[in-house]
Amino acid sequence: MRDGETLAALRARIKAGGLDEELAWPTVGLAAEVETETHGAVLPGGLASGALHELQPATPADIGAATGFALGLASRLLAQRPGPLLWGLPSTRGWREGRLYPVGLGAFGIDPDRVVQVEVKKTADLLWSLEEALDHPSLAVVVGLLPEGDRLYDFTASRRLAMRAARHGATVLLLGAAPVFDMATAASTRWSLAALASRPAPHIGQAVPGLGPPRWQARLVKSRKGLLDAWDLEWNHETLSFRLAAPLADRAPLRRTGGLSRRPTAA
């Protein structure tokens with residue numbers, strides 16, 4: 001067999017093994033500015049579906065921001081692909097973080113009826129649950145919250161998830177603290193998320209601080225297909241998509257001379 005034929009056969013075996021299938025699945029748009037050539041084409045076409053993506057909070061206090069970013073990505077993926085969202089988390093995280101609130105899901109355009117939540121005690125059981133779920137072709141998105149300080153998630157575990165995601169087209173989003181992802185993995189992208197102050201939201205003709213749409217500083221710290229970059233992103237509740245956040249320094253000043261409106265009191 002000639003060298004060219006050998007190389008072609010090797011490529012076919014690698015593709016059959018699940019390392020390159022993400023090319024067969026569509027991409028999901030984030031913000032147009034992130035995906036255009038004018039900004040370096042960091043994510044050409046958007047985020048790859050049928051692949052594994054890792055999300056980590058920039059600091060321990062940013063776990064809520066990372067979770068919100070995962071919901072935004074899940075919303076974009078669910079809009080493109082039918083099927084349920086599997087949300088897996090360890091029961092040790094309790095009520096403080098990770099469990100879903102149906103009313104909050106509505107803010108991201110996610111129908112609670114499409115969500116299946118799974119709680120397990122051990123990381124091994126969590127990874128097994130995610131893998132088994134990915135064998136169902138009807139699934140759209142799988143989100144897993146990894147416990148802090150647990151090293152069971154490694155390159156082998158990530159490769160198994162990536163291969164199963166590529167097989168049927170479901171997308172895997174893994175959330176974990178920084179030590180969990182301090183290693184080489186088979187993820188297509190890795191993001192570091194930090195919370196940013198929201199812009200004021202209009203309320204009865206005035207601007208009310210702290211009530212605007214969520215914002216993140218999203219840093220792409222690993223990408224198999226593009227360059228690395230960072231953006232300040234904002235969730236658009238009307239279009240159910242991300243957009244570049246306008247600098248807070250350029251916002252209109254708050255009008256607080258009249259205060260919030262109050263109900264008239266009886267004479």
Side-chain angles (χ1 to χ4, degrees), residues 25-51 53 55 62 64-87 100-115 139-143 169-173 175 188-189 191-220 223 225-226 229-252:
W25 302 106
T27 56
V28 178
L30 295 181
E33 296 85 354
V34 177
E35 303 151 16
T36 59
E37 294 183 0
T38 57
H39 283 69
V42 180
L43 286 175
L47 194 77
S49 63
H53 303 279
L55 313 176
D62 290 310
T67 305
F69 192 78
L71 287 173
L73 293 180
S75 174
R76 301 292 296 158
L77 292 161
L78 289 172
Q80 174 180 277
R81 179 182 172 92
L85 158 67
L86 178 72
W87 188 272
L100 298 175
Y101 180 49
V103 177
L105 292 175
F108 288 93
I110 299 177
D111 183 356
D113 289 338
R114 295 183 67 181
V115 179
L139 203 65
V141 187
V142 171
V143 181
T171 305
V172 184
L173 307 175
L175 283 80
S188 294
T189 64
W191 299 79
S192 175
L193 290 314
L196 292 179
S198 298
R199 62 182 172 86
H203 179 78
I204 315 179
Q206 300 185 10
V208 179
L211 298 179
R215 286 185 168 191
W216 304 267
Q217 182 185 69
R219 295 178 56 243
L220 184 61
S223 175
K225 296 182 180 179
D229 210 332
W231 306 270
D232 290 348
L233 297 178
E234 179 179 83
W235 182 253
N236 188 329
H237 290 294
E238 296 180 356
T239 62
L240 299 179
S241 63
F242 295 97
R243 62 187 176 192
L244 284 187
L248 291 179
D250 296 337
R251 70 186 183 191

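Any value given below was found using the heavy atoms of this structure, including those in side chains, with hydrogens, waters and symmetry copies removed. Keep in mind it's a predicted model, so treat the numbers as computed, not measured.
The minimum heavy-atom distance between Ala48 and Ala51, with the atom names listed, is O-CB, 3.9 Å. For the pair Pro82 and Ala140, the tightest heavy-atom approach, listed with the atom from each and the gap, is O-CB, 3.6 Å. Smallest separation of non-hydrogen atoms from Ala70 and Leu55: CB-CD1, 3.6 Å. Scanning both residues, Ile110 and Ala74, for their nearest heavy atoms gives CD1-CB, 4.4 Å. Across all their heavy atoms, Ala107 and Leu240 have their closest contact at O-CD2, 4.2 Å. The two residues Arg243 and Pro213 make their nearest non-hydrogen contact at NH2-CG, 4.4 Å.
For the side-chain contact (heavy atoms from CB on, under 4.5 Å) test, residues two or more places apart in sequence or in another chain that qualify with Ala245 are Arg215, Asp232, Glu234. Ala218 pairs by the side-chain contact (heavy atoms from CB on, under 4.5 Å) definition with Phe69, Trp191, Leu193, Leu233, not counting sequence neighbours. Not a single side chain to side chain donor-acceptor pair (under 3.5 Å) links Asp111 to another residue, sequence neighbours left out. For the side-chain contact (heavy atoms from CB on, under 4.5 Å) test, residues two or more places apart in sequence or in another chain that qualify with Pro112 are Pro102, Leu105.
From Leu100, atom CG reaches atom CG of Leu85 across 7.5 Å, with rounding to the nearest 0.5 Å. Annotation: the span from Leu73 atom CG to Thr171 atom OG1 amounts to 9.5 Å, rounded to 0.5 Å. Of the inter-residue distances, the one linking Arg219 atom CZ with Trp231 atom CH2 reads 11.0 Å to the nearest 0.5 angstrom. With rounding to the nearest 0.5 angstrom, the CG atom of Leu173 is 8.5 Å from the CH2 atom of Trp87. Here Phe242 contributes atom CZ and Ser75 contributes atom OG; the two are 8.0 Å apart, rounded to the nearest 0.5 Å.
Between Pro84 and Val115, the closest side-chain pair of non-hydrogen atoms is not below 4.5 Å. Contact of the Pro214 side chain with the His237 side chain is registered, since non-hydrogen atoms from C-beta on lie closer than 4.5 Å.
Among Arg76, Gln80, Arg81, the one residue that satisfies the side chain to side chain contact (heavy atoms under 4.5 Å, CB included) test with Ser49 is Gln80.
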